[in-house]
Amino acid sequence: MLQHQNQVINGIDTDVIVQRFSDRTLILVTQLGKVGNLIQASIPATAVLPPPPLVPEQLPPPPPAIQLTNLLGTAPSEHMQTLHSLYASQIATLMWISEPESALGLGKKAVVVGLALKKQAVEEEGLGESEKVTFRGIMGLVRDMLKQHPGV
């Protein structure tokens with residue numbers, strides 16, 4: 001089942017598309033109308049996921065065992081590459097926490113995250129305030145979409 005939502009986040013038109021497959025889930029986040037950089041997030045079957053946060057607005061921490069693999073494209077800068085890794089890790093964690101446990105004990109499916117984000121002003125170090133607002137807005141949109149249609 002294909003899910004799609006559009007929302008203006010931090011003044012930028014943002015689309016999120018979720019497509020679930022039997023072996024993985026594809027989540028596209030675009031502010032540019034294209035797929036962008038594709039990153040696959042996977043986790044070993046033995047890894048423990050954090051419990052869902054008690055405060056709905058709080059994000060669960062990505063598990064230390066997460067593995068990110070660049071599948072297609074690259075970020076335009078080192079800063080954006082770090083940001084894309086942060087997005088992919090957090091989106092995958094939200095996906096894994098929203099999935100019902102597999103009765104077969106097969107572990108969590110890989111999550112492929114496509115990111116095409118509009119360039120924002122970068123501060124000297126770390127994330128700029130605008131990037132933080134955009135990140136929180138996109139994570140809220142992804143979390144809401146996954147709550148509406150958990151599992152397959």
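What you see is a predicted model, and the numbers here were worked out from it, not measured in a lab.
The CG atom of L146 sits 10.5 Å away from the CD1 atom of I97 when rounded to the nearest 0.5 Å. We find the CD1-OG1 distance between I17 and T30 to be 7.5 Å, quoted to the nearest 0.5 Å. Between the CD1 atom in I91 and the OG1 atom in T25 there is a gap of 12.0 Å [rounded to 0.5 Å]. A distance of 12.5 Å separates NZ of K132 from OG1 of T134, quoted to the nearest 0.5 Å. If you take CG on N37 and CG on L72, they are separated by 7.5 Å, rounding to the nearest 0.5 Å. Here T69 contributes atom OG1 and L38 contributes atom CG; the two are 12.0 Å apart, rounded to the nearest 0.5 Å.
The neighbour count for Q58 CD, taken as heavy atoms of other residues, nucleotides or ligands under 6.0 Å away, is above 12.
Looking only at distances, a side-chain donor or acceptor of N10 sits under 3.5 Å from a matching main-chain atom of S130. Remark: the backbone N or O of L141 is not paired with any side-chain donor or acceptor of Q5 at under 3.5 angstrom. One N or O on the side chain of W96 and one on the backbone of K109 form a donor-acceptor pair closer than 3.5 Å. Here the side chain of Q31 pairs a donor or acceptor atom with the backbone of K118 at under 3.5 angstrom. The main-chain N or O of A92 is never found under 3.5 Å from a side-chain atom of K108 such that the two would form a donor-acceptor pair.
Residues I66 and A41 come closest through the heavy atom pair CD1-CB, 4.2 Å. Annotation for S42 and A110: closest pair CB-CB, 4.4 Å, computed over non-hydrogen atoms.
Both V18 and L59 sit in one connected hydrophobic cluster of ILVMFWY residues. Membership requires side-chain heavy atoms under 4.5 Å apart, directly or through other members. Taken together through direct or relayed side-chain contacts under 4.5 Å among Ile, Leu, Val, Met, Phe, Trp and Tyr, I12 and I138 form parts of separate hydrophobic clusters. Hydrophobic clustering, with ILVMFWY side chains joined whenever heavy atoms are under 4.5 angstrom apart, keeps F135 apart from L32. In this structure, V133 is not a member of the same hydrophobic cluster as L115, with clusters built from ILVMFWY side-chain heavy atoms closer than 4.5 Å.
Tested against H79 for a side chain to side chain donor-acceptor pair (under 3.5 Å), the candidates E131, K119, H84 yield a single pass: E131. If you run side chain to side chain contact (heavy atoms under 4.5 Å, CB included) between Q40 and each of V112, N70, L26, only V112 comes through.
Between the side chains of Q7 and T14, no donor-acceptor pair is found at a separation under 3.5 Å.
Contact annotation: the side chain of L28 approaches that of V35 to within less than 4.5 Å [non-hydrogen atoms, C-beta and beyond]. Side-chain atoms of L94 and I27, non-hydrogen and from C-beta on, never get closer than 4.5 Å to each other.
The stretch residues 85-95 participates, sequence neighbours left out, in no side chain to side chain donor-acceptor pair (under 3.5 Å) pair at all.
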### Task
Could you please spell out the steps behind the side chain to side chain contact (heavy atoms under 4.5 Å, CB included) verdict for H4 and D15?
CA-CA 7 Å; H4 173 259; D15 290 292; 2.9 Å; yes
